[in-house]
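Keep in mind it's a predicted model, so treat the numbers as computed, not measured. Here, residue 1 is the first one in the sequence, and each next residue gets the next number. Just so you know, these numbers use all the heavy atoms, side chains as well, and skip hydrogens, waters and symmetry mates.
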Amino acid sequence: MGTWDIGPFENDTAADFACTLDETAKDKREALVRATLTRTIQTRDYLEGPEGEEAVAAVALIAAQCPGGEPISTSYGPDETLPIFAADLQPLAVEALDRVVAEESELAELWDETPDGSRWRQTISGLRAVLAPEPTLQEDSLFDA
């Protein structure tokens with residue numbers, strides 16, 4: 001695995017994905033991200049590492065546009081402008097992340113074998129929290145008398 005850190009674009013596959021996005025026509029970039037997520041979700045057998053790395057990169061791009069999302073600031077991310085992603089990509093992104101950390105995922109297995117595995121899982125959990133934040137409980141209940 002050509003990986004140098006835990007970030008979504010800190011591996012060869014994700015950096016290549018960013019280059020592919022840059023080379024894709026502006027009006028086709030969202031479709032590429034959607035196809036990447038869909039392919040990941042639809043993988044019913046073992047999810048290979050490169051597919052997982054691309055999915056995490058695609059998810060990070062979507063999360064970056066959400067409230068609380070981290071901007072993609074690495075030089076390995078896309079250089080070209082990305083569209084404002086449709087809101088329906090957020091649940092797809094969550095599903096893709098769930099697939100990436102599932103039992104039948106090479107990427108999860110590889111990270112779990114390293115000392116940084118728990119930090120990587122925290123990064124994934126952080127992306128998921130941005131995409132599907134837990135509802136906050138209001139202090140004032142609607143049913144208080």
Task: Spacing of I124 atom CD1 and W111 atom CH2 [to the nearest 0.5 Å] - done: 9.5 Å
TODO: Verify the neighbour count for atom CD of E70: are there more than 12 heavy atoms of other residues, nucleotides or ligands below 6.0 Å?
DONE: no
Open item on the list: With a 4.5 Å cut-off on side-chain heavy atoms, are P78 and L61 touching?
Closed with: yes
Task: Salt-bridge criterion met for R128 and D98 (N-O under 4.0 Å) - done: yes
Open item on the list: What I'd like to find out is whether the side chain of I62 reaches to under 4.5 Å of the side chain of L37, using heavy atoms alone.
Closed with: yes
Open item on the list: Could you check whether any side-chain heavy atom of E51 comes within less than 4.5 Å of a side-chain heavy atom of V100, counting everything from C-beta outward?
Closed with: no
TODO: Answer yes or no: is there an ion pair linking E95 with R99, defined by an N-O contact shorter than 4.0 Å?
DONE: no
Open item on the list: Using side-chain heavy atoms (C-beta onward) and a distance below 4.5 Å, is E48 in contact with Y46?
Closed with: yes
Task: Distance, nearest 0.5 Å, that separates OG1 of T24 from CD of E30 - done: 13.0 Å
Open item on the list: With heavy-atom distances below 4.5 Å as the criterion, would you say the side chains of L131 and L97 are in contact?
Closed with: yes
TODO: Mind listing the closest non-hydrogen atom pair of V33 and A58 along with its distance?
DONE: CG1-CB, 4.0 Å
Open item on the list: I'd like to check Q90 versus C66 (side-chain heavy atoms, cut-off strictly below 4.5 Å). Are they in contact?
Closed with: yes
Task: Sub-4.5 Å side-chain heavy-atom contact between L107 and W120 - done: yes
Task: Reported CD-to-OG1 distance for the pair E54 and T40, which is rounded to 0.5 angstrom - done: 7.5 Å
Task: Main-chain N/O of Y76 paired with T74 side-chain donor or acceptor, under 3.5 Å - done: yes
Open item on the list: When you measure from the side chain of Q65 to the backbone of F85, do you find a donor-acceptor pair of N or O atoms at a distance under 3.5 Å?
Closed with: yes
Task: is_close_aromatic(F9, W4), centroid dist under 6.0 Å - done: no
Open item on the list: Closer than 3.5 angstrom, by distance alone: can the side chain of R119 be matched with the main-chain N or O of I6 as a donor-acceptor pair?
Closed with: no
Task: From OG (S105) to CG (L110), nearest 0.5 Å - done: 8.5 Å
Task: Nearest heavy atoms of A63 and L127, plus distance in Å - done: CB-CD2, 3.8 Å
Task: Approximate separation, where rounding is to 0.5 Å, of D88 CG and R34 CZ - done: 4.0 Å
Task: Heavy-atom closest pair, residues V130 and G68 - done: CG2-O, 3.6 Å
- [ ] Please confirm whether the backbone N or O of E10 pairs with a side-chain atom of D5, one donor and one acceptor, at under 3.5 Å?
- [x] no
Task: Minimum heavy-atom distance P8-T123, with the two atoms named - done: CD-CG2, 4.5 Å
Open item on the list: Rounded at 0.5 Å granularity, tell me how far CG in L21 sits from OG1 in T36.
Closed with: 7.5 Å
- [ ] Using modelled atom types only, decide if a donor and an acceptor are shared between the side chain of D22 and the backbone of E80 within a distance under 3.5 Å.
- [x] yes
Task: Close side-chain approach of E104 to R44, heavy-atom, < 4.5 Å - done: no
TODO: Can you see which heavy atom on A96 is nearest to which on I41, and at what distance?
DONE: N-CG1, 3.7 Å
